[in-house]
Amino acid sequence: NFAIFSAGAQTSKYFAPIAASKGCIVIDNSSAFRMDENVPLIVPEVNFKDIINHSNIIANPNCSTIQAVVVLKPLDDNFKIKRIVYSTYQAVSGAGKLGLQDLENGSNAQLQQSSTAKTQLLKFSHPIYDNCLPHIDSFLINGYTKEEMKMFNETRKIMHSAIQVSAMCVRVPALRSHSESIWVETERPISPEEAREAFAKGEGLVLMDNPEKKEYPMPLFLAGKDPVYVGRIRKDLANENGLTFWIVGDQIKKGAALNAVQIAEYLIKVGNVK
């Protein structure tokens, strides 16, 4: 009934149409079909109704986009978002095995504390240990990276909006789970209390916002968890209609595999499996 693809865009472009032509529903985790106007780009909590018109291929969004729109959905439903600014802090495991090895190699070189110890780079253009790289995927002619433009394009497609979006995507020396600082401008002012109430009712979302007790989402403690966590909710001091907050989600769980499985589960639930 289902084929879940996670072997890169070129593999998906070749094999997904073959599987789909045989009646199999393909849920693809690569970038191959995300911006294809004939392929739904699905985060079940946000836009599952879009799946009705699938032609046996369904796209799984980029990991950073998935966790962002899960949090944005209750705000947009209640207050209508006009503009979004993302700053992401993405774990090395988002770059795969070689990204993890770059961090490990840098840690080992630091432990040796030798002037001759060098970090062997397998994935990143610069050492990631004790560093932050404002560079994920390749640079485009407009100065943004492909990762940043994925967030721009996918957010607009999923939310069915010409919403203004800007992103800065940064790789950080964390093992697992992506973090994001998100600023939104809405049609009317939102109080932090209203935002908390909306988030608390959001599907797939956990409110973790108690600064007095130093409780807020952190990747170290949320790896392996299914939901997206939101905290540090506060009004923007520079814009009356602005709100800013911090989110953390496991990019391998909700950001990839879990979302793909949830798509299949929703299809089974609504009886949309041939």
Lys/Arg N to Asp/Glu carboxylate O, [X] vs [Y], below 4.0 Å:
X	Y	value
D226	K253	yes
E265	K269	no
K73	D77	yes

Practice prompt. List the steps and the verdict of side-chain contact (heavy atoms from CB on, under 4.5 Å) for D36 and I57.
Written response: CA-CA 10 Å; D36 187 323; I57 298 179; over 6 Å; no
Worksheet item: Given N1 and I25, is the side-chain contact (heavy atoms from CB on, under 4.5 Å) satisfied, shown in steps?
Response: CA-CA 6 Å; N1 297 110; I25 297 177; over 6 Å; no
Fill in: Any pair counted as side-chain hydrogen bond (donor to acceptor under 3.5 Å, both in side chains), so long as it reaches residues 208-222, sequence neighbours left out
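Pairs touching residues 208-222 that pass the test: R196-D209.
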Worksheet item: Which residue pairs pass the side-chain hydrogen bond (donor to acceptor under 3.5 Å, both in side chains) test with at least one member in residues 121-144, sequence neighbours excluded?
Response: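 Listed by first then second residue: Y144-S166.
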Item to complete: Quick one: do E45 and Q262 satisfy side-chain contact (heavy atoms from CB on, under 4.5 Å)? Show the steps, please.
Response: CA-CA 9 Å; E45 300 93 333; Q262 286 176 322; 3.8 Å; yes
Whichever hydrophobic residues join [X] through chains of side-chain contacts under 4.5 Å:
X	answer
Y89	M168, V170, V172, V206, M208, L222, Y229, W246, V248
L122	L98
M35	none

Worksheet item: Between E154, E148, R156, which is the residue that forms a side chain to side chain contact (heavy atoms under 4.5 Å, CB included) with F152?
Response: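 Among E154, E148, R156, the one that satisfies the side chain to side chain contact (heavy atoms under 4.5 Å, CB included) with F152 is R156.
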Discussion item. For K235, I'd like to know if atom NZ has over 12 heavy atoms of other residues, nucleotides or ligands within 6.0 Å.
Written reply: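 More than 12 heavy atoms, drawn from other residues, nucleotides or ligands, come within 6.0 Å of this atom.
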Worksheet item: Is E203 atom CD crowded by more than 12 heavy atoms from other residues, nucleotides or ligands, each under 6.0 Å away?
Response: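 Yes, because the 6.0 Å sphere around CD of E203 holds more than 12 heavy atoms from other groups.
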Worksheet item: Counting N and O atoms only, with roles assigned by atom type, does the side chain of T65 sit under 3.5 Å from a partner on the main chain of P61, one being a donor and the other an acceptor?
Response: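 Side chain of T65 to backbone of P61: no pair is present.
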Item to complete: Measure the CZ-NZ distance between R188 and K82 for me, rounded to the nearest 0.5 Å.
Response: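 With rounding to 0.5 Å, CZ (R188) is 13.5 Å from NZ (K82).
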Worksheet item: Could you go step by step and tell me if L175 and L100 meet the side-chain contact (heavy atoms from CB on, under 4.5 Å) rule?
Response: CA-CA 7 Å; L175 290 174; L100 286 165; 3.8 Å; yes
Worksheet item: Residues in side chain to side chain contact (heavy atoms under 4.5 Å, CB included) with N47, at least two apart?
Response: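 Listed in chain order: I42, V43, D50, I158.
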